[in-house]
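Each remark here refers to the structure printed beneath this line.
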Amino acid sequence: MRPSLFPVVLLLLFSAAISRAQVNPKASPTPKVQPKPEEQEPVRVFTEEVRLPVAATDQFGHYDPALEVDDVLVLEDGDPQQIRSIQHLPANVLLLLDTGNQLGLKDTKLTRDVALRVVSSLYDGNRIAVMQFADRPELLQAWTNEKAAVTKVLKTKLLSGKTSRLGDAIAAAADQFRDTPAGTRHIVLITDGVESPGGRTTLAKAMKQLNSIQASVHIISYTVLARLALQNRNSVTKGGDSVQRDANPASNPVANGDPTLPPGTTRTPSFKIGSIDTDIAMRRKRKEYERATRDSEKQLAAIADESGGQILLPDSTDRLLSQAESVSRDIGSQYVVTYRPTRPLASAKPGEYRKVEVASRRVGLYLRRRRGYVVPNPQ
């Protein structure tokens, strides 16, 4: 019999397939590797625009509703600037309330009543936030345009403390303005400005943060009112009975022979008897506090002046309450003046300060602005 050729043919086909696989092997897919990006220097991007808050009033301090570009001259470091727009925009107002009361000279209830008057006098449409501070700052109300919500918080959540850490409070307040438009930022600060030790943020560092947000600071100060209260406490605390007494009535024939006078009294001159506050440690604290209020008053005045706000120094509780409305009027009188600086912001050095001056070009128009600004960091 002839041998079958089928196994031979099958073997030849199998060998050929192996040969083709060895000659043209199919490349296995390699995983795609994401190329590593080259390290680049960060790009400095500036918004070449300055938004300057400017208060515009008449000679009586009333809001001027007709401010126009031609009414205002802006100088930056002495150079005239081209104003692009003037707008009256809704404000972002943070109430920063000092509730520390270490010597009993600040009244939290009075602070609340002043804050309520500020809120009620603000124009509708403004956004308001509330923060109190004593041993630490506490945000009581986030940004809202609901006056009723703010009123409820002020009536129910203010609490007194024993210390006042102003540096921590200013730093915390500055953080609240990160997402608000420049030129519309306002802080209403009700305080005596006396800084208690032990805070996390020094007042100098807090002031740098405050300058960086370019907020207008309106201050209602307890300093004068507190000093007047101290003067009353350091005087005679309890008067006598207004009857003059003789130190040795038994030797005084006038006293002994006058039956119309009570025993021990005389018609001869002497001194009234009263009780004096003899707590030496407390008197020392009060003197230190009085000195501190004088220093803080100067510092608060500088803050208000630099920011384009104002400081009010009432000498009575009635004036303290009445001046709350003037703060609201001042906030309502502010415009946002926008200009593109002739010297580009991109060319500024880190932390560069630029002085700003504003002048009125119209008779009867009075303008107030912040003294300058720190060039912001690039975005």
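Values reported hereafter were calculated over all heavy atoms of this structure, with side chains retained and with hydrogens, waters and symmetry mates removed. No experiment lies behind these values; they were computed from the predicted model shown.
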Under the criterion side chain to side chain contact (heavy atoms under 4.5 Å, CB included), I'd like the reasoning laid out for Lys106 against Ser164: C-alpha separation, chi angles, the key distance, then a yes or no. CA-CA 11 Å; Lys106 287 178 292 185; Ser164 295; 3.1 Å; yes
Step by step, would you call Tyr335 with Val72 a side chain to side chain contact (heavy atoms under 4.5 Å, CB included)? CA-CA 11 Å; Tyr335 288 84; Val72 183; over 6 Å; no
Stepwise, does the salt bridge (Lys or Arg N to Asp or Glu O under 4.0 Å) test hold for Arg127 with Glu146? CA-CA 8 Å; Arg127 295 203 310 161; Glu146 296 292 336; over 6 Å; no
Apply the test salt bridge (Lys or Arg N to Asp or Glu O under 4.0 Å) to residues Glu297 and Arg227: give CA-CA distance (whole Å), side-chain angles for both, the deciding distance (0.1 Å), then the verdict. CA-CA 11 Å; Glu297 192 172 295; Arg227 286 197 296 271; 3.0 Å; yes
Step by step, would you call Asp64 with Arg362 a salt bridge (Lys or Arg N to Asp or Glu O under 4.0 Å)? CA-CA 12 Å; Asp64 189 310; Arg362 172 159 51 92; 3.1 Å; yes
For Ile190 and Leu320, what are the C-alpha separation, side-chain angles and deciding distance, and is it a side chain to side chain contact (heavy atoms under 4.5 Å, CB included)? CA-CA 10 Å; Ile190 304 177; Leu320 189 71; 5.7 Å; no
Decide salt bridge (Lys or Arg N to Asp or Glu O under 4.0 Å) for Arg319 and Asp315; before the verdict, give the C-alpha distance in whole Å, the side-chain angles of both, and the deciding distance to 0.1 Å. CA-CA 7 Å; Arg319 287 182 62 82; Asp315 56 5; 3.5 Å; yes
With side chain to side chain contact (heavy atoms under 4.5 Å, CB included) as the test, would you mind laying out the steps for Leu94 and Ile128 before giving the verdict? CA-CA 6 Å; Leu94 174 64; Ile128 306 170; over 6 Å; no
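Using a 4.5 Å heavy-atom cutoff, the side chains of Val188 and Ile331 are in contact. Using a 4.5 Å heavy-atom threshold, the side chains of Leu166 and Leu189 count as touching.
Rounded to the nearest 0.5 Å, atoms NZ (Lys152) and OG1 (Thr156) are 6.5 Å apart. Expressed to the nearest 0.5 Å, how far CD of Glu325 lies from OG of Ser121 amounts to 4.0 Å. Here CD1 of Ile170 is found 8.0 Å from CD of Glu195. Values are rounded to the nearest 0.5 Å. Summarising the geometry, atom OG1 belonging to Thr338 is positioned 9.5 Å from atom CD1 belonging to Ile83; distances are rounded to the nearest 0.5 Å.
When atom types are taken as modelled, the side chain of Gln81 and the backbone of Thr342 share a donor-acceptor pair closer than 3.5 angstrom. Using modelled atom types, no side-chain atom of Asp168 and backbone atom of Ala172 make a donor-acceptor pair closer than 3.5 Å. The closest donor-acceptor contact from the side chain of Asn232 to the backbone of Ala229 lies at 3.5 Å or more, if one exists at all. Side-chain N or O atoms of Glu48 include one that pairs as donor or acceptor with a backbone N or O of Ala346 at under 3.5 Å. Of the possible polar contacts, none joining the Ser333 side chain to the Tyr63 backbone as a donor-acceptor pair under 3.5 Å is found. Judged purely by atom type and a 3.5 angstrom limit, Arg369 uses its side chain to pair as donor or acceptor with the backbone of Val356. Proximity of a side-chain donor or acceptor of Ser296 to a complementary backbone N or O of Asp192 within less than 3.5 Å is detected.
Exactly one residue among Val93, Leu140, Val130, Leu116 makes a side-chain contact (heavy atoms from CB on, under 4.5 Å) with Val150. That residue is Val130.
For the residue pair Glu138/Gln132, the side-chain donor-acceptor check at 3.5 Å is satisfied. Under the 3.5 Å distance criterion, with hydrogens and angles disregarded, no donor-acceptor pair is assigned to the side chains of Tyr339 and Glu49.
By the rule that hydrophobic residues join a cluster once side-chain heavy atoms approach within less than 4.5 Å of another member, Leu96 and Tyr222 end up as members of separate clusters.
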